[in-house]
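One structure is given here, and the rest of the page talks about it.
What you see is a predicted model, and the numbers here were worked out from it, not measured in a lab. All chains are named by letter (A, B, ...) in the order of the sequence lines, taking the proteins before the strands, and each is independently numbered beginning at 1. These values consider heavy atoms only, across backbone and side chains, with no hydrogens, waters or symmetry-generated copies.
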2 protein chains.
Amino acid sequence: MQYPSAWLQGASLGESIAGRLRLQIIGGEIEPGEILSENRIAEGFGASRSPVREAFRTLAGEGLIRLERMGAVVVGLELDAVKELYDVRYLIESFAQQRLASRDNAALIARLEQQIDGMKLAARYGDCVEFAHQDFSFHERIVEEAQHTRIRHLWTSIRSIVMTVILLTTEKEFERGESRMIEVAEKHRMVIEGLKSGSEEKIREVVRAYFDDSDATLGRSLY
Amino acid sequence: MQYPSAWLQGASLGESIAGRLRLQIIGGEIEPGEILSENRIAEGFGASRSPVREAFRTLAGEGLIRLERMGAVVVGLELDAVKELYDVRYLIESFAQQRLASRDNAALIARLEQQIDGMKLAARYGDCVEFAHQDFSFHERIVEEAQHTRIRHLWTSIRSIVMTVILLTTEKEFERGESRMIEVAEKHRMVIEGLKSGSEEKIREVVRAYFDDSDATLGRSLY
DNA sequence: AACCTGTAAGTTGTATACAGGTATACCGGT
DNA sequence: ACCGGTATACCTGTATACAACTTACAGGTT
């Protein structure tokens, strides 16, 4: 398993190492409880400690590892942890949408619908990576549009993990066939309905429903 | 302005530098827009670039500075940004409390009440730092108790900032006299009421009220 | 047998060195 | 006066070096 190489374009060595470790940790190649040392990892990548150290700090910031006196212990991302992650996504997105509810969202909605169509197109062509990218971007756009610096910050702190999880689960869901993926794409319209309604209550409900459904999907695709 | 030295006990040089910079940034000594270079800061602290680099990453993770190709630009924490911070605190705490609502919280509540009394005691003795510490710990305990790894992680990402803001605002509020501080301490009982009720609706309402009131306080104490 | 101690290997935190890139200021040409 | 090119100083990313600390273990002591 590997990131689309485009994602690592222009990244520093440190970011690149963080990316690969992230994938190995989330993918389960590196197991929770394992202890990573800067030296060994550096040697493994044929790099020096500096970029590895930077990568460790990044991953610790994402909660994937925990820095201790002696070595970094892998926390990992079990099914329960992914559900927790989705709790946070729910909090962030429902907040963002409630913030958007009171303005004119015509342009945003048009853009989001375009991305749903992008997903469907990707589904028809069996392009799993592109589907995941559109899916991810859909949600990121909503957060971005809310123009709330702190919320955006919370988002960036889980951004990479969410991206990775979406990539992994999309790969698995693709195995269930094109019609299933069309269904997944269409599910996003629900969210748009919430936006259109402008009702705080409705938004909470719709976003909750969206992530509840995602939770169910998770059960199938992870482990 | 300075941290209680106890807070920096056992901290590495990097953490300590992060702490001092954080205080300078939030306190406004270093102004938003200013550009920090690793070299200059290192020289200023009589240290090498390594710990400064680490400090920069920490502060960037907290959103206090933004790392760019050339230098780190100070984002700062204006009044609006603090209000955004409180939005996030609201999200985190209301979530945490809703999670707690369904269990038996007798022990927790006893502990929280003890901390309220601690605040009142600090108020009577004019011990501003202790008051801030108790106040901070009160909220941290709630988050901690929810036992939700991801939420706890969001909390740690703003923890230092919240601590600093509470410290600064408490200092300012202390000038308004002891009775005002007793009032602030008592305000926390409201939150406990929410916990006791166990009603999702009531909790949202109470926590919302708490932070709305805090927002008002902010207006007085910052800038 | 239990415990204490000294040593050796490994780890992090910090300092320093080097390479590649970027902005700035200055200088010559038009 | 203005524009373009170059030299220069500075900045970040990475590599390497060193010191202090932690851990594990072996061997001697009680």
Side-chain angles (χ1 to χ4, degrees), chain A residues 3 5-22 24-25 30-76 156 160, chain B residues 3 5-22 24-25 30-76 156 160:
Chain A
Y3 278 126
S5 59
W7 292 10
L8 296 173
Q9 201 68 326
S12 74
L13 186 51
E15 292 167 19
S16 150
I17 291 178
R20 295 190 212 206
L21 285 178
R22 184 184 301 118
Q24 289 182 347
I25 292 175
I30 299 180
E31 290 193 5
E34 201 167 327
I35 290 180
L36 305 174
S37 110
E38 296 177 358
N39 278 317
R40 280 206 321 279
I41 300 295
E43 197 176 356
F45 281 102
S48 77
R49 273 179 58 211
S50 308
V52 174
R53 200 176 167 75
E54 186 183 328
F56 275 23
R57 289 195 62 83
T58 301
L59 296 177
E62 295 172 359
L64 256 23
I65 65 179
R66 205 174 48 234
L67 266 31
E68 302 198 339
R69 325 272 173 108
M70 213 78 172
V73 339
V74 176
V75 174
T156 47
S160 299
Chain B
Y3 278 127
S5 57
W7 292 9
L8 296 173
Q9 200 70 326
S12 73
L13 186 51
E15 292 166 21
S16 151
I17 290 178
R20 293 191 214 205
L21 285 178
R22 183 185 302 116
Q24 290 182 346
I25 292 175
I30 299 180
E31 292 193 3
E34 202 167 324
I35 289 180
L36 274 42
S37 107
E38 295 177 358
N39 278 315
R40 279 205 322 278
I41 300 294
E43 197 175 358
F45 281 102
S48 77
R49 274 179 57 210
S50 307
V52 174
R53 200 176 165 76
E54 186 182 328
F56 274 22
R57 288 193 63 82
T58 300
L59 297 176
E62 295 171 358
L64 255 25
I65 65 178
R66 205 175 48 236
L67 267 31
E68 303 198 338
R69 328 225 188 133
M70 213 77 175
V73 340
V74 176
V75 173
T156 47
S160 299

Study note, to complete from the structure: Once base and sugar-phosphate atoms are separated, protein heavy atoms under 4.0 Å mark nucleotides 6-19 of chain D, 5' to 3', with B, S and - as ----BSBBBBBB--
Mind listing the side-chain donor-acceptor pairs of residues 45-52 of chain A below 3.5 Å, one per line with the distance, residues two or more places apart or on another chain?
unit_1: A/S48; atom_1: OG; unit_2: A/S50; atom_2: N; d: 3.4
unit_1: A/R49; atom_1: NE; unit_2: A/E38; atom_2: OE1; d: 3.0
unit_1: A/R49; atom_1: NH2; unit_2: A/E38; atom_2: OE1; d: 3.0

Review point. Should the heavy atoms of other residues, nucleotides or ligands under 6.0 Å from CD of B/Q24 be counted, would the total exceed 12?
Key: yes
Review point. Side chains of A/T58 and A/R22: closer than 4.5 Å at any heavy-atom pair?
Key: yes
**Study point:** Qualifying residues under salt bridge (charged side-chain N to carboxylate O under 4.0 Å, His left out), relative to A/E68, sequence neighbours excluded
**Key:** A/R66
Point to revise | Sub-4.5 Å side-chain heavy-atom contact between B/L36 and B/I30 | key: yes
Revision key, fill the gap. In whole angstroms, the gap separating P of C/dT14 from CZ of B/R57 amounts to 16 Å
